[in-house]
Amino acid sequence: MAARGNEALVEAFEKTDPNFIRNVCIIAHVDHGKTCLADYLVSSNGIISARLAGKMRWMDSRDDEQTRGITMKSSAVTLYHSPLILNLIDSPGHVDFSSEVNSALVLSDIALLVVDVVRFGCGEKNSTGPLMGLAKDVEGVCSQTESLLRQAVLGRLDIILVLNKMDRLVVEVKLSPEEAFRHIRCLIEQINSCLSQIIHGQLVEEEWCKFDEMEQSLHFDPTKGNVIFTSAFLGYGFSVDSFVNLWAPKLSIEPAELRASLFSDCYVAGPGRIKPDAEKLGKKSLFEHLVLEPIWEVYKHALIELNIERLQTIAKKMGVPPLRSKQNVDIIEEFMRSWMPLSRAVVLACAKVKSARKAYNNEERLLSILGHEGLQHPLFSILKECDADSETTVLFVAKILRSAGQNVAMCRVMSGTVKAGDRMFVTGQKKRVQMDANDENKENEDQIVSKTAVAVKNVFVLFGRELIPCSSAKAGTVCAVEADAWIPGSTLCSDETIDLGLDLKVETTEPLVRVSIQPTGGPEAWDELRNALKQLSVLDSSVRVVEQENGELALVTAGEVHLQKCLHDLEDMGQTELIVSEPIVPFLETIIPDSTMSFGKIVVMHKTECNLRNNQATITVRAVPICDEVIVFLQSNEHLLKEIREGVCSSSDAEKFITKMKEVCAEHLSKKGTWWAKQSKERIEALVDRIWSFGPPRARFNVLFNAIENYDRPTVWSKGSRRLRPLDPTMVAGFDLSMANGPLCEEAMQGVAIIVESWTLEESDLSDPTLTGQMISAMKQTCRAAINKHPVRLVAAMYKVMVQTNAMALGAVHPVLSQRRAKVVNEDVNQATGLFEIEAVMPIVESFFFCEQLRKKTSGKASAQLSFAKWEMIEEDPFWVPTTEDEIEHYGTKGDSINLARLYMDNVRKRKGLMTDEVIVVNAEKQRNLNRKK
């Protein structure tokens with residue numbers, strides 16, 4: 001049976017036209033029901049039993065996924081609902097695996113945004129009944145839900161809102177149909193508000209984006225068919241159309257009229273008559289009366305007061321087959337699945353939105369993946385057609401999978417048909433060639449690297465835990481392809497003459513948690529570990545593997561859960577005997593304004609001069625803090641900073657960036673307490689024009705300014721002829737070294753501007769080969785000295801912590817948060833669930849095993865969700881000691897209270913083998929040997 005089913009699926013997969021292909025991904029916050037929903041969609045094809053759906057977690061193929069109950073990797077399955085092919089991708093909800101979500105989104109055209117209708121809910125704090133006054137007090141969207149919605153909007157996907165766990169409104173929260181309608185309407189309004197902010201906030205710089213049209217097309221409205229109501233636990237789902245088709249003939253109302261009014265403030269005024277102002281007149285709204293009341297009636301007679309005869313009567317009216325179950329839970333599952341199958345609601349909703357063929361007919365979406373070339377891109381017309389018979393086959397490689405001991409790529413066929421034996425070429429591989437620095441007439445040119453040829457060995461249908469071989473995959477499909485070589489995130493093209501690839505970037509989370517890892521064996525074990533880590537970095541784009549100067553191998557991951565997943569993967573690769581260090585979290589260092597100094601002192605005292613070779617070379621610099629607004633701007637344009645520093649940024653993007661940076665710097669830099677305070681707007685804009693360099697990869701958000709009078713040097717914006725003066729690179733190299741290793745504990749700097757005010761050099765020394773190293777060292781030490789004239793602070797990476805607990809365990813939660821040095825931001829009661837919700841920020845360095853400790857201390861009554869929030873400066877001075885009488889009286893002469901910044905700084909210095917001021921021996925003259933000789 002299974003073999004015949006697979007044969008039918010493969011046949012449909014190979015023959016289905018792109019017009020009947022839908023590429024769908026499921027996205028949601030943790031525990032909102034993604035995998036349960038996927039189970040029911042899988043069961044609709046007979047792959048698993050409907051009774052096991054929601055319990056089996058079929059798409060979670062890893063042991064640790066089943067044990068933890070969370071999804072850790074994106075997995076895909078191809079489903080056939082004649083005539084549609086659904087390529088369904090289930091993605092993780094945990095923030096550590098956001099790169100897996102990104103890979104799912106870039107392969108898809110439709111996103112099912114699943115929202116828990118209760119956990120997302122809210123209510124008025126002083127309500128007298130369940131969720132009374134709901135619309136007056138609305139909580140914000142869950143952070144992960146908002147992030148996923150933003151990614152789907154930026155990817156130009158069609159989004160279908162799935163309001164899941166509808167059964168909880170009846171069984172747990174015990175809402176009436178009237179209260180439930182108000183609650184649902186409030187949630188949709190809040191999500192639409194979030195959607196509007198995303199569209200106008202994130203896309204404001206895209207000139208070709210039509211905001212109103214985009215907002216109107218994405219706006220969630222049940223009458224448009226882009227909102228469905230489900231209970232993945234019980235396996236049912238419905239849309240407005242489900243009840244329009246049921247009630248329109250019975251009420252003698254035109255289906256179009258009923259559809260437009262069903263989710264509005266209207267009521268039935270008689271046969272064939274609909275009138276507005278139901279709430280004002282005290283009437284039951286259409287949705288309440290025609291949709292929610294029948295469902296509530298079924299719950300009442302199935303769970304609250306079991307009445308099988310009444311259920312059989314309702315089943316007959318609704319066209320449901322006679323019920324055979326006798327138990328409460330079984331009978332309601334049978335009734336609801338037969339009445340409103342979940343898979344039917346999802347498939348019908350997906351059928352109404354764009355097919356794979358029309359996915360890139362939208363010019364805005366097509367331009368967003370073609371990069372700077374836009375309409376002139378050689379693949380523009382090819383991708384727009386999405387023709388399976390095209391002579392040019394184009395594949396986009398999203399991620400690499402490991403299956404049955406082989407690496408295969410999860411791909412989207414953008415054009416043509418891919419078959420075993422095809423020869424493809426990696427497109428878009430370029431390198432920037434620097435021409436002769438002393439020749440002003442020569443320009444930089446892009447030269448194409450000799451292209452990597454890829455031979456396709458096999459093509460597979462993605463089937464969750466398995467891969468089903470097939471002969472070919474048409475345009476529009478998502479498939480797996482085995483080849484002799486892979487480059488994740490690349491574009492493959494059958495036409496070797498096409499030089500430009502797609503800009504479908506699979507974004508990854510910046511890894512923050514690092515461990516040193518080494519085998520217990522000899523040299524052979526080291527080679528095996530290196531190969532295993534290399535394999536792991538290919539399979540997981542969020543992993544970084546670094547071989548340190550001392551020979552140790554460092555594994556850098558996105559978080560604690562991701563680290564455990566990576567170690568589990570290494571075990572599966574045979575690396576069972578490894579020595580793994582304690583997790584390490586990086587810090588940053590920054591400088592802040594000195595509030596005790598006047599502007600005159602700042603100008604004089606903060607100038608730092610270095611003389612080299614008896615005044616034959618001099619450097620004068622000053623270090624100046626950069627305010628938070630400018631740092632945030634630089635962080636939001638990190639990809640441009642990389643391109644600008646490497647000299648590969650397009651002129652149009654560079655010009656936009658310069659203009660915006662001038663505006664931000666002129667508006668925010670002129671603050672009291674810094675050198676910027678007395679600088680005019682024109683002076684600041686002139687300095688932006690003369691930026692010499694941005695920081696190195698480890699510390700991008702620092703800036704080197706050239707403020708040398710009457711001395712024009714090439715800037716970071718220079719393109720074409722960058723005529724470098726002798727020893728200019730040494731200044732940038734010295735700046736890079738000083739920014740990569742701060743003075744506190746040699747962590748990367750952030751928010752520092754180094755302004756070079758003068759640089760003189762004897763012409764006779766230019767030919768001396770030893771001068772290069774001396775200049776780099778001098779620049780580094782001068783920058784370090786300039787930084788040390790300011791108060792220096794540590795900057796820690798912070799998690800946002802959301803804790804849910806009941807009133808009994810609340811007292812145990814706060815001590816755990818306090819031990820982890822977390823700061824509580826907000827604490828409130830969710831009126832929908834009756835649980836306390838505590839929001840806090842916690843240093844990531846303090847977060848390890850936090851969830852386990854919280855569960856133990858509260859006996860499992862509290863749960864927490866952690867997501868990266870921000871980098872936050874630790875206000876404490878790591879070198880502070882009590883000086884005033886009050887401080888000495890309060891803290892003692894040694895300042896014995898815990899200095900958090902000093903504690904973190906000393907721990908990092910110990911780990912790196914740097915000097916600390918820790919006193920190892922106290923009262924040495926009183927120590928003695930405790931061994932007694934007899």
Side-chain angles (χ1 to χ4, degrees), residues 30 57 60-75 91-101 103 399-407 465 488 508-548 550-586 797 799 844-856 864-868 911:
V30 178
R57 301 179 64 89
D60 290 347
S61 56
R62 296 171 56 95
D63 294 338
D64 47 358
E65 287 180 316
Q66 293 286 346
T67 303
R68 287 179 172 271
I70 62 172
T71 302
M72 295 184 180
K73 66 179 182 62
S74 294
S75 54
S91 64
H94 197 285
V95 69
D96 279 9
F97 308 103
S98 58
S99 62
E100 292 285 331
V101 180
S103 66
K399 59 177 288 189
I400 309 299
L401 306 173
R402 185 77 174 169
S403 176
Q406 61 186 0
N407 285 355
R465 307 178 183 194
T508 59
T509 306
E510 184 63 28
L512 291 170
V513 178
R514 186 180 73 202
V515 293
S516 292
I517 187 167
Q518 58 183 352
T520 55
E524 293 182 358
W526 278 96
D527 292 338
E528 291 176 0
L529 177 58
R530 284 189 178 91
N531 292 332
L533 289 172
K534 183 178 180 180
Q535 179 83 356
L536 181 64
S537 64
V538 171
L539 296 173
D540 192 336
S541 58
S542 292
V543 168
R544 302 286 184 274
V545 179
V546 180
E547 187 162 1
Q548 302 180 37
N550 59 4
E552 289 185 352
L553 294 171
L555 177 66
V556 193
T557 61
E560 180 186 357
V561 179
H562 188 217
L563 171 61
Q564 293 171 3
K565 180 241 181 194
C566 292
L567 294 177
H568 187 277
D569 288 340
L570 289 173
E571 286 184 12
D572 291 343
M573 294 177 189
Q575 301 297 314
T576 54
E577 297 181 1
L578 296 175
I579 300 173
V580 182
S581 71
E582 290 295 318
I584 299 166
V585 177
Y799 270 145
I844 294 181
V845 71
E846 302 282 355
S847 67
F848 298 103
F849 307 108
F850 165 73
C851 293
E852 287 81 351
Q853 182 186 10
L854 185 67
R855 281 195 292 269
K856 287 179 182 178
Q865 295 175 358
L866 285 71
S867 60
F868 178 76
R911 171 167 54 82

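The first residue in the sequence is number 1, and the count goes up from there.
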Going through the distances and angles, do Q518 and L553 end up as a side chain to side chain contact (heavy atoms under 4.5 Å, CB included)? CA-CA 7 Å; Q518 58 183 352; L553 294 171; over 6 Å; no

Taking every heavy atom of R62 against every heavy atom of K565, the minimum-distance pair comes out as NH2-CG, 3.3 Å

OG (S74) and CZ (F97) are apart, to the nearest 0.5 Å, by 10.5 Å

message: Run the salt bridge (Lys or Arg N to Asp or Glu O under 4.0 Å) test on K73 and D540 for me, step by step, so that the C-alpha distance in whole Å, both residues' side-chain angles and the decisive distance to 0.1 Å come before the verdict.
response: CA-CA 9 Å; K73 66 179 182 62; D540 192 336; over 6 Å; no

d(N531 CG, L533 CG) to nearest 0.5 Å is 9.0 Å

Residues S537 and V545: closest non-hydrogen pair is CB-CG2, 4.4 Å

Is the shortest heavy-atom distance from the side chain of Q575 to the side chain of E528 under 4.5 Å?
yes

One should read off an interatomic distance between C566 SG and H568 NE2, to the nearest 0.5 angstrom, of 11.5 Å

Rounded to the nearest 0.5 Å, the CG atom of D63 sits from the CG atom of D572 at a distance of 7.5 Å

For this session: Please tell me if the side chains of I844 and S847 come closer than 4.5 Å, counting only heavy atoms from C-beta onward.
Result: yes

For this session: Test V561 against L866 for side chain to side chain contact (heavy atoms under 4.5 Å, CB included), laying out the working first.
Result: CA-CA 10 Å; V561 179; L866 285 71; over 6 Å; no

Cut-off 3.5 Å, side chains only: do N407 and Q535 have a donor facing an acceptor? yes

For P583, the side-chain contact (heavy atoms from CB on, under 4.5 Å) test, sequence neighbours excluded, returns V513, V515, L563, F848

On a heavy-atom basis, the closest approach of S581 and S516 is OG-N, 2.8 Å

Scanning both residues in full, the closest heavy-atom pair of L539 with M573 reads CD1-CE, 4.0 Å

Within the structure provided, determine whether R544 and R514 are in side-chain contact (heavy-atom separation under 4.5 Å). no

Taken to the nearest 0.5 Å, the spacing of E577 CD from L529 CG works out to 12.5 Å

I want to check something: taking the side chain as every heavy atom from C-beta on, are E560 and E852 in contact at a cut-off of under 4.5 Å?
yes

Residues G559 and Y799: closest non-hydrogen pair is CA-OH, 3.8 Å

Practice task
Determine yes or no for a side-chain-to-main-chain donor-acceptor pair under 3.5 angstrom, with E65 supplying the side chain and S61 the backbone.
Solution key: yes

What one should report as the nearest heavy-atom pair of D60 and Q66 is O-NE2, 2.8 Å

Do H562 and S542 touch side chain to side chain, with heavy atoms closer than 4.5 Å? yes

